[in-house]
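One structure is given here, and the rest of the page talks about it.
Since the structure is predicted, the reported quantities are computational estimates derived from the model, not experimental observations. Just so it is clear: chains get the letters A, B, ... in the order the sequence lines come, proteins before strands, and each one is counted from 1.
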Protein chains: 2
Amino acid sequence: MDQNKIPQATAKRLPLYYRFLNNLQMQGKTRVSSKELSDAVKVDSATIRRDFSYFGALGKKGYGYNVEYLLGFFRKTLDQDEITDVALIGVGNLGTAFLHYNFMKNNNTKIKIAFDADDNKVGQTIGGVPIYHINELEERLDDVKVAILTIPAMEADRVTERLVAQGIKGILNFTPARITVPDDIRVHHIDLAVELQALVYFLKHYPLEKTELYSE
Amino acid sequence: MDQNKIPQATAKRLPLYYRFLNNLQMQGKTRVSSKELSDAVKVDSATIRRDFSYFGALGKKGYGYNVEYLLGFFRKTLDQDEITDVALIGVGNLGTAFLHYNFMKNNNTKIKIAFDADDNKVGQTIGGVPIYHINELEERLDDVKVAILTIPAMEADRVTERLVAQGIKGILNFTPARITVPDDIRVHHIDLAVELQALVYFLKHYPLEKTELYSE
DNA sequence: AAGGTAGTGTGAGTGTTTTCACAATTTTGC
DNA sequence: GCAAAATTGTGAAAACACTCACACTACCTT
């Protein structure tokens, strides 16, 4: 679509850059170097410069980057202007955490509607988002194209089928289940148990070394 | 420490494999091919074979892998026998979700203790885990080496310093803040807003194509 | 206005991860 | 017991990602 040239690894870092640039601007900073940004987001400064360079020459040699300009550029690139509506499926603890998270603050996304199977939750509004019964998914989903899945693993496949049938294009799946979807639908898996276990594995098998000298 | 030969990308997939092998065993399956496993975990079958091959020849040509044997092997490799204690810092919605998650089921990790700043939560027990006041961190943390950070971003740096001072070695950070730690401490960041925004970005800029033919 | 300093943008090199594709081997069915 | 089918394990290639190191340029200071 666009220029498919930018690497996926870069694309994943863009939202991160964007948020930190926002912070800088709110702090009143007008310029920033790749080195400073590197300290803040914990990404190598050469990587940051390379990432930015895919979009052209955004900085100035000997000066760094103008925060305002960079931010404006990213706003356009990340489509911060047009808001993407999102549906939340499953209002448990994890789902509720999402509803309280103010994505609008730095983001182009807004949770517009939530669904749950529990009648006690249906009818409530959390964080300004109305909760409907999951049975009403088909009538209520409208043209929302992105869903966050925070339901029990057992339900994942069934609900996914229904979401796909309604024309969902992207799913952020917090379920341990690896859901099956048609090729043209994008699923990102975030598996909390796997993340925790991977961290533990790395701790045991890939010990980090303390750099006594210049540990900047 | 061990054989540092296995790639990190492989290491991250091990917990996933492990869980699905467990599922298979519970379903009573005794053998499995890389192809079947691929369908289940959505990882290319060649990648799975390569991953397994780092540990030696675990399968049999023309047959596949013996579920029981593979599972036993992974149990040892992933240290499923010895349990790793974990501390949870911040019992909000996200933190509570973790407390209800039964990590012990397929995992080698157990949340042993939780902390929060809210006096209403202190003293409670959720999912069998006692909640103490964050002020008691130093006295209560004992020799726990892994922490899950689910607190407001504002607090992240301060609490991280205290955790590090107590000898924490690994942090699973759900805070939007990129925390600073000494070199020998491992931090994995999971940034929910970034994940959501990245998904939206990919949807718009990296459209997937529907394979009409043989979309197996 | 000139020299010093800071800091970009990038060519080239290195490292990591995935994928292809096939010989080797075992199982399965006849 | 043999041929066909299944499926591994891996060499080699490709794809992807990161980092070094430095020429170049813009800013800053005096």
Side-chain angles (χ1 to χ4, degrees), chain A residues 3-14 16-17 21 24 29-70 73-74 183 189 198 201-202 205-206 211 214 216, chain B residues 3-14 16-17 21 24 29-70 73-74 183 189 198 202 205-206 208 211 214 216:
Chain A
Q3 354 73 300
N4 275 26
K5 275 163 286 182
I6 87 160
Q8 301 221 355
T10 296
K12 281 194 200 157
R13 284 187 290 264
L14 297 183
L16 188 61
Y17 296 148
L21 288 171
L24 287 179
K29 293 207 66 157
T30 61
R31 60 182 272 195
V32 66
S33 69
S34 60
K35 183 64 174 49
E36 283 174 274
L37 215 43
S38 169
D39 290 342
V41 301
K42 315 291 178 200
V43 172
D44 187 273
S45 67
T47 301
I48 292 177
R49 291 199 300 281
R50 173 81 61 196
D51 283 347
F52 288 0
S53 79
Y54 292 116
F55 300 102
L58 302 176
K60 282 185 192 166
K61 303 190 177 187
Y63 174 86
Y65 301 89
N66 179 293
V67 174
E68 183 106 9
Y69 177 74
L70 209 49
F73 185 85
F74 275 107
D183 293 357
H189 295 275
Y201 184 82
F202 278 114
H205 297 267
Y206 296 72
T211 313
Y214 67 98
E216 49 81 40
Chain B
Q3 353 72 300
N4 276 25
K5 274 162 289 185
I6 87 159
Q8 301 220 354
T10 296
K12 282 194 201 155
R13 284 187 291 263
L14 296 183
L16 187 61
Y17 296 148
L21 288 170
L24 287 179
K29 292 208 67 160
T30 61
R31 61 182 272 194
V32 66
S33 69
S34 60
K35 183 66 174 48
E36 283 174 273
L37 215 41
S38 170
D39 290 342
V41 299
K42 316 292 180 199
V43 171
D44 186 90
S45 67
T47 300
I48 292 177
R49 292 200 300 281
R50 174 79 62 193
D51 283 347
F52 288 1
S53 78
Y54 292 116
F55 300 102
L58 302 175
K60 279 188 194 163
K61 302 187 178 189
Y63 173 88
Y65 301 89
N66 178 293
V67 174
E68 183 107 7
Y69 176 74
L70 208 50
F73 185 84
F74 275 107
D183 294 357
H189 294 275
F202 278 113
H205 297 266
Y206 295 72
L208 298 171
T211 313
Y214 66 97
E216 50 79 39

Nearest heavy atom decides the nucleotide; on that basis, is Asp51(A) or Gly59(B) closer to the 5' end of DNA chain D?
Gly59(B)

Phe52(B) CZ - dT19(C) P separation (whole Å)
16 Å

Please check: side-chain N/O of Arg31(A) versus main-chain N/O of Gly64(A), any donor-acceptor pairing under 3.5 Å?
no

State which of dT17(C), dG9(C), dC18(D) makes the closest approach to the side chain of Ala57(A).
dG9(C)

Rounded distance (Å) that lies between atom P of dG9(C) and atom CG of Leu37(A):
13 Å

Starting at the 5' end of DNA chain D, which residue's closest nucleotide do you reach first, Gly62(B) or Asp44(A)?
Gly62(B)

Contact class for Ser34(B) (heavy atom, under 4.0 Å): base, sugar-phosphate, or nothing?
sugar-phosphate

Does Lys60(A) have a side-chain nitrogen or oxygen under 4.0 Å from the phosphate oxygens OP1 or OP2 of dC27(D)?
yes

Rounded to whole Å, how long is the line connecting atom CG of Leu58(A) with atom P of dT10(C)?
10 Å

Taken to the nearest whole Å, NZ/Lys35(B) to P/dC20(C) is 13 Å

With a non-hydrogen cut-off below 4.0 angstrom, is Tyr65(B) in contact with a base, only sugar-phosphate, or nothing?
sugar-phosphate

Quick check on Glu68(B): does its CD atom have over 12 non-hydrogen neighbours (other residues, nucleotides or ligands) under 6.0 Å away?
no

Least distance between heavy atoms, Asp51(B) atom then Arg13(B) atom:
OD2-NE, 2.7 Å

Phe55(A) CZ - dT10(C) P separation (whole Å):
14 Å

Side chain of Arg31(A) (C-beta onward), nearest among dT7(D), dC20(D), dC27(D):
dC27(D)

Going through the distances and angles, do Leu70(A) and Tyr17(A) end up as a side chain to side chain contact (heavy atoms under 4.5 Å, CB included)?
CA-CA 10 Å; Leu70(A) 209 49; Tyr17(A) 296 148; over 6 Å; no

Rounded interatomic separation in angstrom, taking NZ from Lys61(B) and C1' from dT27(C):
14 Å

Over how many whole Å does the gap from Tyr54(A) atom OH to dT8(C) atom P extend?
16 Å

Nearest listed nucleotide, side chain of Arg49(A), among dG11(C), dA21(D), dT7(D):
dA21(D)

With no angle test and no hydrogens, is the base of dT17(C) tied to the side chain of Arg50(B) by a donor-acceptor pair under 3.5 Å?
no

Looking only at side-chain N and O atoms, does Thr47(A) come under 4.0 Å of OP1 or OP2 in dC18(D)?
no

Roughly, in whole Å, what's the span from CG in Asn66(B) to P in dT26(C)?
15 Å

Should the ring pair Phe55(A) and Phe74(A) be called parallel, tilted or perpendicular, given that the plane angle runs from 0 to 90° and is split at 30 and 60?
perpendicular

